[in-house]
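One structure is given here, and the rest of the page talks about it.
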Amino acid sequence: MTGSSGEPSTRSETEWYQQPLCAALDADTDADADDPGLAPAPLTPGQAFDALYAYCAPTLVQQTYLLTGRRRLARDAVERAFQLAWQRWPEVAVDRDPAGWLRAAAHEYALSPWYRLRPRLPRRRQEPQPPDPTGRALLNALLELPPPYRRTLLLYDGVGLDLPDTAAETEASTPAAAGRLLYARATVTARLPEPVEPDGLSRLLAELPGEIDPGPTRPLALRARADLRARRWTHAAIAFTVLLLTTTGLTLRTAPDHYEPPVPPGAPVRGIPPRAAPGPLSERRQELRAKLRSEMAAGRERLRPEAR
């Protein structure tokens with residue numbers, strides 16, 4: 001990590017992201033290199049995922065809490081990131097930095113505008129504030145920053161990434177990331193009750209969410225949820241494909257296969273005399289009509305002509 005002046009700064013202990021994921025296994029492997037029979041067995045995908053969860057989840061929840069100020073959202077973001085990692089485990093397992101992959105996924109989930117619209121807790125169940133005034137002022141100042149500035153400050157001073165990696169993870173250029181970092185540092189330090197150096201700001205960011213833990217979720221439950229979510233998406237995709245094929249087939253079945261010209265509007269025909277309506281009946285026709293009606297109503301007898 002480098003400070004604002006460009007000089008490297010030392011820390012008393014190695015950060016979690018700088019530690020190898022399987023340090024103990026690597027040590028055992030080096031110690032037993034001369035005897036291949038004593039080498040540990042390779043981890044299964046489930047065991048590797050569980051080790052990665054135990055290695056990254058606590059610190060990742062704390063980082064995400066600093067981005068959102070909401071414990072539940074931080075835990076949900078980390079769980080969603082691990083579910084996504086299990087669904088893409090062949091890709092994550094060979095990544096050069098699985099912890100960075102998970103960190104980016106959790107931060108993107110937590111800072112997404114759709115998830116920021118989730119309702120907050122009622123006033124009687126508001127998020128607890130840090131006990132010391134400096135911690136409260138730091139958290140409030142951090143949450144008032146725009147999300148890109150907040151994320152840049154957390155990655156550089158909280159996680160310890162260098163400036164190019166911070167710019168790459170926040171999808172910004174290196175000069176833009178440097179400008180965001182300087183603005184965020186100036187804004188946050190101005191809100192603190194006591195003046196703080198850049199190294200002190202890193203220490204405060206590391207100590208702020210010390211009581212946040214990932215919760216009781218177990219890696220096995222996360223893997224089960226990820227598998228269930230993948231099956232649901234697969235079933236939804238199949239149902240949508242069937243519906244689309246059915247609609248397409250029905251359209252092809254009912255659509256006309258030739259051109260039908262529209263019926264032109266009617267036009268009046270000139271030169272034809274109008275049809276005359278029938279005139280009034282004569283007395284003889286009226287008597288015949290009355291007789292026909294009376295005979296038909298009397299029964300089944302047929303009318304026979306009368307001889308004259």
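Position 1 is the first residue of the sequence, and the numbers go up from there.
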With the side chain counted from C-beta on, respond yes when Q87 and W233 share a heavy-atom pair under 4.5 Å apart, and no when they do not. no
Closest non-hydrogen contact found for L139 with Y65 is CD2-OH, 3.7 Å
Excluding I238, membership of its hydrophobic cluster (Ile, Leu, Val, Met, Phe, Trp, Tyr; side-chain heavy atoms within less than 4.5 Å) reads V242
What residue pairs, at least two apart or across chains, pass ring-ring contact (aromatic ring centres under 6.0 Å, His included) with a residue in residues 241-282? none
Do L161 and R103 make a side-chain contact, defined as non-hydrogen atoms from C-beta onward lying under 4.5 Å apart? yes
Results of side-chain contact (heavy atoms from CB on, under 4.5 Å) for T241 - residues two or more places apart only: L245
Can you confirm whether T134 sits close enough to P193 that some side-chain heavy atom of one is under 4.5 Å from a side-chain heavy atom of the other? yes
Determine the interplanar angle of the F49 and Y53 rings, folded into 0 to 90°, and report it as parallel if under 30°, tilted if 30 to 60°, perpendicular if over 60°. parallel
How far does NE2 of H107 sit from CG of L102, to the nearest 0.5 angstrom? 10.5 Å
Supply the atom-to-atom distance L155 CG to E169 CD, rounded to the nearest 0.5 angstrom. 5.0 Å
E171, CD atom: more than 12 neighbouring heavy atoms under 6.0 Å: no
The reported gap from CG in L153 to CG in L145 (rounded to nearest 0.5 angstrom) is 7.0 Å
Closest non-hydrogen atoms of A110 and L73, given as atom of the first, atom of the second and distance, are O-CD2, 4.0 Å
From L143 atom CG to T68 atom OG1, the distance as rounded to the nearest 0.5 Å: 7.5 Å
Can you find a pair of side-chain heavy atoms, one from L84 and one from W101, that are under 4.5 Å apart? yes
Residues 168-192 vs ring-ring contact (aromatic ring centres under 6.0 Å, His included), sequence neighbours excluded, gives Y149-Y183
Partners meeting side-chain hydrogen bond (donor to acceptor under 3.5 Å, both in side chains) with R151 (sequence neighbours left out): E108
Name every donor-acceptor pair, under 3.5 Å, that has one atom in a side chain of residues 262-271 and the other anywhere in the protein, sequence neighbours excluded.
none

Roughly how far, to the nearest 0.5 Å, is the CG atom of L142 from the CG atom of L204? 11.5 Å
How would you list, by chain and number, every residue that makes a side-chain hydrogen bond (donor to acceptor under 3.5 Å, both in side chains) with Q83, sequence neighbours excluded? none
Before giving the answer on salt bridge (charged side-chain N to carboxylate O under 4.0 Å, His left out), spell out for R75 and E79 the whole-Å C-alpha distance, their side-chain angles and the decisive distance to 0.1 Å. CA-CA 6 Å; R75 293 192 181 101; E79 289 184 6; over 6 Å; no
What's the separation between atom OH in Y55 and atom CG in L60, rounded to the nearest 0.5 Å? 12.0 Å
Test of understanding: with side-chain hydrogen bond (donor to acceptor under 3.5 Å, both in side chains), list the residues that count as partners of E144, not counting sequence neighbours. R191
Residues 48-60 vs salt bridge (Lys or Arg N to Asp or Glu O under 4.0 Å), sequence neighbours excluded, gives D50-R223
Under a side-chain separation threshold of 4.5 Å, the hydrophobic residues clustered together with L243 are none
Indicate every side-chain donor-acceptor pair of residues 172-182 with a distance under 3.5 Å to a residue at least two apart or in another chain.
from	atom 1	to	atom 2	distance (Å)
S173	OG	A176	N	3.4

Which pairs pass salt bridge (Lys or Arg N to Asp or Glu O under 4.0 Å) with one or both residues in residues 81-93, sequence neighbours excluded? none
Quick one, L138 and L201 - any side-chain contact, counting heavy atoms below 4.5 Å? yes
Test item: L66 and Q63 side chains (from C-beta on) under 4.5 Å apart, heavy atoms: no
At their closest point, which heavy atom of T247 faces which heavy atom of T251, and how far apart are they? O-OG1, 2.7 Å
Ignoring hydrogens, what is the shortest heavy-atom contact between W89 and A48? Give both atom names and the distance. CZ2-CB, 3.6 Å
